[in-house]
Amino acid sequence: MDVPVPRFSVIVPAYQVQAYLPACLESVLSQSYPDLELIAVDDCSPDACGAIADEFAARDPRVRAVHLPANQGLGPARNAGMERAGGDYLVFLDGDDTLVPDALRAIADRIKETGEPDVLVYDYARTYWTGEAVRNQAARHLAEQGPAPFRLTDRPGLLHLLMVAWNKTVRREFAEREGLAFPPGYYEDTPWTYPLLLTAESIATLDRVCVHYRQRRRGSILGTPSERHLDVFEQYDRVFAFLESHPERARWRPVLYRRMADHLTTVFTRPDRVPRSLRAEFLRRARVHCRRYRVPGAPAPLPVRLRHALLRLGLRHTYEALRLASALRRRTVKGTAKLLRTARTVALRLHYRVQRRLPLRADRAVFAAGGDRGHGCNPGALEEAFRDFAPHVRTAWAADPAHHHTVPTGTRRLTPGTAAYWTALARSRYLVHNAAFDAGLVKRKGQVLVQTQAGTPLKHMGLDLQERPAAAAGTDFARLLRDVDSWDYVVSANRHSTLTWERVHPGGYTTLEYGQPRTDVLQRATPADVTRLRETLGIPEGTVAILYAPTHRDYRRTQRPALDLERVLTRLGPRFMVLARAHPRHGGPLAESGGRILDVGDHPSVEALCLASDALVTDYSALMFDYAGLDRPIVIHAAEPEAYEAARGTYFDLSAFPPGAIARDEDELIGVFAGGHWRDLRSTRLRAAFRERFCPYDDGRAAERVVRRVVLGETDLPPVVPPAERHPVPSAASALARAPLATVPQPAGPRTVTDSL
């Protein structure tokens, strides 16, 4: 009978880690991806490691305990595990480290997504005995943007990652074919990892922490002074011997020489590595190695070249003197810069304190949007309303200088952190923001702070983030509540928003449930405005323009696109195009402009993009609430709903109350548009119910109502036009949208298009 082959063989060598081994093994067995075998190798440990391995093997049939007859070291212990491994992929984990929850599932998904690569490299975090966890600082090299899999020549930056076995999973057949094995001695990872990466025909990355690398307070091997640290020289002999046996890889010799010199420098300068009695010997051998393996063509910054030269020449005392001088210089420069920053901060605080003693200016108002961005969002709509309905109030906008060009003519431009900025905050009667003003703001008696928020809340906000650290991202909740206590008014778009804000931002403010000011422009636009915007964007006449605007994923470092837009448009045909707009925190475009894809990530007005488009595709973005007021089709691409709910959480089940059709994946999304479900009667009814619940006040006068109440003191405000009596501006392609579309091939397979999950 054939024995099923597990997906992963997790190899855990154990020597004198009895206090940590149970947690290590448990972190593997508790993975949500159970298709694995766990090989625990007792390297003749004098403590209870062997007994612990046997206990786990008796408890779980996936565990195999291997007992070596004599202590051989980390490398041979791993080799013993590989000899017994039968899984598709090898995963190495040291006995005092742990896998994070769901790590193997994420690794398996990425392996499948990238076509079964030879090697998958993932990230780790150092965990300290204090409980602190710090992510790898070189994680930028794990970005998932760009083609995958790839070869090392395409992404040589991977060599800057930690050269260890436990941040990689390796295809077992590839490792066996290439005869890859660990040598004895310290730094055994070095002659394993370099040949591994240089030989692999296909490599992929996973930009996610999968391993917690324990930083023990005492007792770690590499943190103990020993003559065994001299093993590093034999390990690099093995690396360069590999290069000599593979002349076709000689181009990597300059790179590996520099990596070796950097590594030797690190070992030599660490006080917990080489004993003082062996430092002269270490430097002598380093000099020999640098002279033996040095080749031209290893460019490096001047300080690095100087360190390498001193190492190569064996000038120990000169090296240490220059190192001390360099450290003194860095401290001096850093201290001087800190002193200057402190002096400037003190001067600005004094300036601000003086300005706060001067009279308030009742005819001044300061506006800003989160992230010091340009004119826009709800504060931008209110700033325009101030100029229209309270022209006696002079307005100013605070933003980074890079966004000053977005500020309307006649509105004063302020740069945060300048004396003019602090003067405006101290003396203006009205302060309007959608996030929070500077932490140093002290609200004066007579000042009016208006908090507009940044949209209708779908995902958890405010105090609800206390139990969601990935989404909270270091939020200072004490400061948040201090900010809330300074608010006089909170602008709310609907009853749902009111109830949510008052619970997650508890305070004594007054809620103005008047609508979403930033949607006023959507309600006031004319068909001529829509035509002009489409012409400006270059949307051909008769084309159905889909605005694709996914939200930020808190649980992902790399915000990779969830859709292959080229494939989607190929399947839908020439009558469709996509306006791709990345979230401000995305870190780059969703797709390059070309063909029928237009990157609009840098467009200053998302409202203009809404007006120019014929349909919206999003996942969990608050933009869906604004777009619903246009009464145009909305399609939800509900990718990874469980992960998003676990990391961020939502206030209502979008699958139970969607604004239109819902697609679980790319093929279903294609089917929604190909089959006309994006604009059918059911989608129209869903959108109508959604619009009635979340857009009751979006009639184009929300900002006017706020200004009349807050600035002019009026209580008899303009009446709200009921949703049923509004006539939203139609899209330019609405006639086309009502016409039958040409038949588009439906996705193959058993999937069916659904309007709700």
Side-chain angles (χ1 to χ4, degrees), residues 2-13 21-41 53 56-57 59-65 78 81-82 84-95 97-125 127 133 135 142 144 148-149 164-175 202-214 470 553-558 560 562 638-647 664-665:
D2 293 335
V3 178
V5 176
R7 187 57 162 164
F8 295 109
S9 293
V10 184
I11 299 171
V12 179
L21 186 59
C24 171
L25 301 181
E26 194 63 53
S27 75
V28 177
L29 298 178
S30 62
Q31 289 288 307
S32 58
Y33 190 90
D35 189 10
L36 61 91
E37 63 174 356
L38 173 57
I39 304 173
V41 183
F56 273 83
R59 192 183 80 188
D60 193 314
R62 295 176 297 171
V63 182
R64 188 187 315 177
R78 286 177 178 156
M82 284 195 293
R84 295 161 174 80
D88 295 329
Y89 278 84
L90 304 174
V91 175
F92 299 99
L93 188 66
D94 287 354
D97 298 337
T98 56
L99 288 178
V100 302
D102 302 314
L104 290 184
R105 180 170 298 281
I107 291 171
D109 290 345
R110 185 61 174 164
I111 287 174
K112 181 179 179 180
E113 180 183 339
T114 54
E116 310 282 318
D118 292 336
V119 180
L120 177 70
V121 188
Y122 38 83
D123 204 7
Y124 68 92
T127 58
R135 189 172 182 176
L142 294 173
E144 296 169 21
V164 291
W166 44 257
N167 64 353
K168 305 169 186 70
T169 184
V170 181
R171 194 161 58 84
R172 181 174 57 84
E173 291 182 357
F174 160 70
S202 55
I203 304 172
T205 59
L206 174 60
D207 190 6
R208 170 175 172 155
V209 171
C210 293
V211 176
H212 278 167
Y213 175 32
R214 189 185 301 275
R553 299 301 178 102
D554 301 294
Y555 54 91
R556 283 191 175 275
R557 179 185 173 93
T558 301
R560 54 181 179 165
E640 302 178 327
E642 297 86 1
Y644 190 84
E645 183 65 35
R664 295 184 183 89
D665 55 31

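Here the structure is a predicted model, which is why all the values come from computation and not from measurement.
- Counting heavy atoms from C-beta on, the side chains of S27 and H212 never come closer than 4.5 Å.
- With respect to D88 and K112, no salt bridge is recorded, no charged nitrogen being found less than 4.0 Å from a carboxylate O.
- Residue C24 comes nearest to G95 through the heavy atom pair CB-O, 3.4 Å, listed as atom of the first residue, atom of the second, then distance.
- Residues V28 and L93 are in side-chain contact: their nearest non-hydrogen atoms beyond the backbone lie under 4.5 Å apart.
- Between F8 and Y89, the angle of the ring planes lies from 30° to 60°, which puts this pair in the tilted group.
- We find that E116 and R7 are joined by a salt bridge, their nearest charged nitrogen and carboxylate oxygen being less than 4.0 Å apart.
- Taking a cutoff of 4.0 Å between a charged side-chain nitrogen and a carboxylate oxygen, D123 and R208 do not qualify as a salt bridge.
- One finds the CG atom of L90 at 10.5 Å from the CD atom of E173 (value rounded to the nearest 0.5 Å).
- A pairwise comparison of heavy atoms in V5 and D35 identifies O-OD1, 4.3 Å as the closest pair.
- Relative ring orientation between W166 and Y213 is described as tilted, the plane-to-plane angle lying within the 30° to 60° band.
- A side chain to side chain contact (heavy atoms under 4.5 Å, CB included) with M82 holds for exactly one of I11, V170, V41; it is I11.
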Worksheet item: Run the salt bridge (Lys or Arg N to Asp or Glu O under 4.0 Å) check on D94 and R78 step by step: do they pass?
Response: CA-CA 10 Å; D94 287 354; R78 286 177 178 156; 2.9 Å; yes

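- Of all non-hydrogen atoms in L142 and L206, the two that sit nearest each other are CD1-O, 4.1 Å.
- No salt bridge links R214 with D97; every basic N to acidic carboxylate O contact stays at or beyond 4.0 Å.
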Practice prompt. Show your working on side-chain contact (heavy atoms from CB on, under 4.5 Å) between V119 and R171 and close with a plain yes or no.
Written response: CA-CA 6 Å; V119 180; R171 194 161 58 84; over 6 Å; no

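- Using a 3.5 Å distance cut-off with no hydrogens or angles, the side chains of S32 and R105 do pair a donor with an acceptor.
- E26 has its side chain out of reach of L21: every pair of non-hydrogen atoms, C-beta onward, lies at least 4.5 Å apart.
- Taking the centre and axis of the six-membered ring of F56, the NZ or CZ atom of R59 falls inside the cone set by 45° and 6.0 Å.
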Worksheet item: Under the side-chain contact (heavy atoms from CB on, under 4.5 Å) criterion, do V12 and I39 qualify, and how do the steps go?
Response: CA-CA 6 Å; V12 179; I39 304 173; over 6 Å; no

Discussion item. Evaluate V63 against L29 for side-chain contact (heavy atoms from CB on, under 4.5 Å), listing each step before the verdict.
Written reply: CA-CA 9 Å; V63 182; L29 298 178; 3.7 Å; yes

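- Between G86 and E37, the shortest heavy-atom distance links the atoms N-OE2, 2.7 Å.
- Atom CG in D109 sits 11.0 Å away from atom CG in L104 (nearest 0.5 Å).
- Using a 4.5 Å cut-off on side-chain heavy atoms (C-beta onward), V209 and R135 make contact.
- Proximity of a side-chain donor or acceptor of T205 to a complementary backbone N or O of V121 within less than 3.5 Å is not detected.
- With R664 contributing its side chain and P641 its backbone, the two residues share no donor-acceptor pair below 3.5 Å.
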Practice prompt. Quick one: do F92 and T169 satisfy side-chain contact (heavy atoms from CB on, under 4.5 Å)? Show the steps, please.
Written response: CA-CA 7 Å; F92 299 99; T169 184; over 6 Å; no

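- The shortest side-chain heavy-atom distance between P149 and I203 does not fall under the 4.5 Å cut-off.
- Pairing each heavy atom of S9 with each of G87, the nearest pair is OG-N, 2.7 Å.
- The distance from the CD1 atom of I107 to the OH atom of Y33 is 10.5 Å, given to the nearest 0.5 Å.
- How far CZ of R110 is from SG of C210: 11.5 Å, rounded to the nearest 0.5 Å.
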